[in-house]
Participant: 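Below you'll find the structure I mean.
Protein chains get the first letters and strands the later ones, always in sequence-line order, with residue 1 at the start of each. Keep in mind the model is a prediction, meaning the values are calculated, not measured. We use all heavy atoms of the structure for the numbers below, so side chains are in, but hydrogens, waters and symmetry mates are not.
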Amino acid sequence: MQISKSIPNDFIRQIITEDLKTKIFQLVTRFPPEPNGYLHIGHAKSICLNFDVAAENSGRCYLRFDDTNPSKEDLEYVESIKADLNWLGYTWTELRHSSDYFEQLYDYAVALIKTDKAYVCGLTGEEIRQYRGNLKEPGKNSPYRERTIEENLDLFTRMKAGEFADGELVLRAKIDMAAANINLRDPIIYRIKHLTHQMTGDKWCVYPMYDFTHCLSDAIEGITHSLCTLEFEDHRPLYDWFLETLQTPCHPQQIEFARLSLNYAVMSKRKLQELVEDNLVNGWDDPRMPTLIGMRRRGYTPESIRDFCDKIGLTKNNTSIEMGVLENSIRSDLDPKTARVMAVLKPLRVVIENYPAEAEQLEAPYHPNDPSMGSRPVTFSKVIYIEQDDFLEDPPKKFFRLAPGREVRLRYAYFITCQSVVKDETGEIIELRCTYDPATKGGSAPDGRKVKGTIHWVSEAHAITAEIRLYDRLFNKPNPGASGTDFKTAINPNSITILSNSKVEASLATAESSQRFQFERQGYFCVDNVDSSAEKLVFNRIVTLRDSWAKIEKDNR
RNA sequence: UGGGGUAUAGCCAAGCGGUAAGGCACUGGGUUUUGAUCCCAUGAUCCCAGGUUCGAAUCCUGGUACCCCAGCCA
């Protein structure tokens, strides 16, 4: 962005600012993903919050992999998460893993047992659920709740030693089976899993649960403000209970905010995974996915995503952001810094009858409002392509483009007038015959006459054939899966359109992977970082330009 | 009366007892060799009902609506 950014002043920053005023400490935050999937735009909200708020206050922000469940996690994900974070432009003060603390966590659990605040329970999963009660009725005590400390110590030691099978025993905090908050009804804090962990290998066969791990990991790292999403509000009493009961040297403050939800998109890991597995998209990096890796491939800039996160605000309100906000962020980031070039998506051949056989070079600036971006030569010739949409045999009112007998400006070139239309046997328009006015070279008429339309073009003999992928929203309902429907029934069947015979100007021959351009009058495009090659250029449409003609057209119908 | 949250314009969101910021979207207008950009203009009495106060979106009382919680997931 060109404009200097103002620091947001949301309720979390207000709390932190106030804390900083009244206490002496260095702010420490953390971004704690579980490495069990790819990051998406919703994670970006949390990332920006944690890293930015630390930076604004000369604090630190850790990246911590919350890897307490080896059955779901994979090294592949930790690498992708690190790459996404770097791409967004963030650097963590230190890289940590919850698994780094398994030893300390185990000691804390033993401490709990020793103070009679935890016990080994032999109930089955089904029984535990039954004993837990429900939303309206209190639970009842486990028959194992009154084991002696010695017995618990012995059992827990043997759990760790691998003497029991998965599911046979668990360690539970001894709190209150009648608590109104279900999280406090003797929550399980350790379970047995005979699994190889991606970091600790086969050292452990008991793994701590989230509620026990997260607060203690925060405390161990000296996190001052532990920021998480709303669904953990109910867990805060438990978070605080562990820290108070165990008398940890510091007690981080958990603060919850609303997670991001975006119109016409899904954000849950389960749903995204389903899209990938059912081949409804082409992988996690499909440009239609809200994953960071997908958005990166689509052509979104890290700046635009950070700008978006600033714009949407931070509250506890359960809200849904309109796609338009995201689109605005990417457009306003790209507009000042992206070179303009010409590309004809759906070509229509135009022969300029009175133009000589010899081609000529014209100079075209890369940016209309920024001469410092320079210019490039484009070749003009007797046979060119224009956009099919830019010609209408029977134009409606307010259509400013080409039509029989009408004159338009070819951008940076000449005025041309359509003399006749050539059709094939089926009546389809296959070619236009036009004439040009040599006096209008460069695009202005010495006699001062005006044309309302300016259209883009490429020279047939000099253009490069490219594949262009047009993307639209993945879903055609604002809230896919709302009110019990299957979210997959809301998939937009036209979320991708592949144009394999588009014609782009010659200067694009040297376009590099991931390079972005504005195709004049069409939108912003990005060289696909997977499928594009020197032999076959492939562009992704990042976003269209705002299009007031499209609105007029829509109103006409 | 299970517990925990949230309600300010179409979508976000400031506001913290002194008379409703801003962004996005929309609509109208101006500039323009992109129907782009840019520039101007236009909209709410704050979920409802009472109450306190000279004064309430802000405080109190009582309602209503919506979200989250019953994984040996995070």
Participant: What string of B, S and - do you get for nucleotides 69-74 of chain B 5' to 3' if you count protein non-hydrogen atoms under 4.0 Å?
Facilitator: BBSBBB
Participant: Rounded to whole angstrom, note down the C1' distance from A56(B) over to C73(B).
Facilitator: 46 Å
Participant: Would you please indicate yes or no on a ring centroid separation below 6.0 angstrom for Tyr524(A) and Phe517(A)?
Facilitator: no
Participant: Answer yes or no: does a side-chain N or O of Gln254(A) lie under 4.0 Å from OP1 or OP2 of G4(B)?
Facilitator: no
Participant: Can you tell me how far P of A14(B) sits from CG of Asp310(A), to the nearest Å?
Facilitator: 13 Å
Participant: Mark up nucleotides 35-43 of chain B, 5' to 3', with B wherever a protein heavy atom is under 4.0 angstrom from a base atom, S wherever such an atom reaches only the sugar-phosphate, and - elsewhere.
Facilitator: BBB------
Participant: To the nearest Å, how far apart are Phe308(A) CZ and A13(B) P?
Facilitator: 11 Å
Participant: Would you kindly give the CG-to-P distance between Asp390(A) and U34(B), to the nearest whole Å?
Facilitator: 13 Å
Participant: Between His214(A) and Tyr210(A), is the gap from one ring center to the other below 6.0 Å?
Facilitator: yes
Participant: Would you indicate whether the side-chain heavy atoms of Cys434(A) and Leu402(A) approach each other to under 4.5 Å?
Facilitator: yes
Participant: Check the distance between G15(B)'s P and Phe11(A)'s CZ and give it to me in whole angstrom.
Facilitator: 12 Å
Participant: In which ranges does RNA chain B form stems of 3 or more consecutive Watson-Crick or G-U pairs, distances under 3.5 Å?
Facilitator: B:2-7 with B:64-69, B:10-12 with B:22-24, B:27-30 with B:38-41, B:47-51 with B:59-63
Participant: Could you grab the distance from atom OG1 of Thr379(A) to atom CD1 of Ile384(A), nearest 0.5 Å is fine?
Facilitator: 12.5 Å
Participant: Under the side-chain contact (heavy atoms from CB on, under 4.5 Å) rule, what do Lys160(A) and Thr157(A) come out as? Steps first, then yes or no, please.
Facilitator: CA-CA 5 Å; Lys160(A) 183 196 177 196; Thr157(A) 308; 5.8 Å; no
Participant: Whole-Å distance between A25(B) P and Leu326(A) CG?
Facilitator: 12 Å
Participant: Just by modelled atom types, is the Cys526(A) backbone N or O under 3.5 Å from a matching donor or acceptor in the Arg516(A) side chain?
Facilitator: no
Participant: Roughly, in whole Å, what's the span from CG in Leu410(A) to P in U34(B)?
Facilitator: 13 Å
Participant: Could you check, using the six-membered ring where one of them is a Trp, whether Phe380(A) and Trp457(A) have ring centers closer than 6.0 angstrom?
Facilitator: yes
Participant: Please report the distance separating the P of G43(B) from the corresponding atom of A21(B), rounded so that it comes out in whole Å.
Facilitator: 11 Å
Participant: Taking the side chain from Arg541(A) and the backbone from Ile468(A), do they hold a donor-acceptor pair closer than 3.5 Å?
Facilitator: no
Participant: Taking the six-membered ring for Trp, are Phe539(A) and Phe519(A) parallel (under 30°), tilted (30 to 60°) or perpendicular (over 60°)?
Facilitator: perpendicular
Participant: Establish whether the base of G5(B) is bridged to the side chain of Glu256(A) by a donor-acceptor pair shorter than 3.5 Å.
Facilitator: no
Participant: Whole angstrom is fine here: how far is it from CD in Glu387(A) over to C1' in U34(B)?
Facilitator: 13 Å
Participant: Atom CG of Asn479(A) to atom C1' of C67(B): distance rounded to whole Å?
Facilitator: 12 Å
Participant: Taking the same atom, C1', in C59(B) and in G17(B), what whole-Å distance lies between them?
Facilitator: 8 Å
Participant: Please give the distance between the P atoms of A36(B) and U8(B) as a whole number of Å.
Facilitator: 33 Å
Participant: Check the orientation of Tyr77(A) and Tyr38(A). Use parallel for under 30°, tilted for 30 to 60°, and perpendicular for over 60°.
Facilitator: perpendicular
Participant: Under 4.0 Å between a side-chain N or O of Asn317(A) and OP1 or OP2 of A13(B)?
Facilitator: yes
Participant: Syn or anti for G15(B), please, going by whether the chi angle lies within 90° of 0.
Facilitator: anti
Participant: Donor-acceptor pair, distance only, cut-off 3.5 Å: does the side chain of Asn50(A) make one with the backbone of Ile47(A)?
Facilitator: no
Participant: Distance check, P atoms only: A57(B) and G71(B), in whole angstrom units.
Facilitator: 44 Å
Participant: If the plane angle is over 60° it's perpendicular, under 30° parallel, otherwise tilted; pick one for Tyr106(A) and Trp204(A).
Facilitator: tilted
Participant: What is the ring orientation for His235(A) with Phe232(A), classed by angle as parallel under 30°, tilted 30 to 60°, or perpendicular over 60°?
Facilitator: perpendicular
Participant: Under 4.0 Å, heavy atoms only, any strand: does Glu233(A) hit a base, just the sugar-phosphate, or nothing?
Facilitator: sugar-phosphate
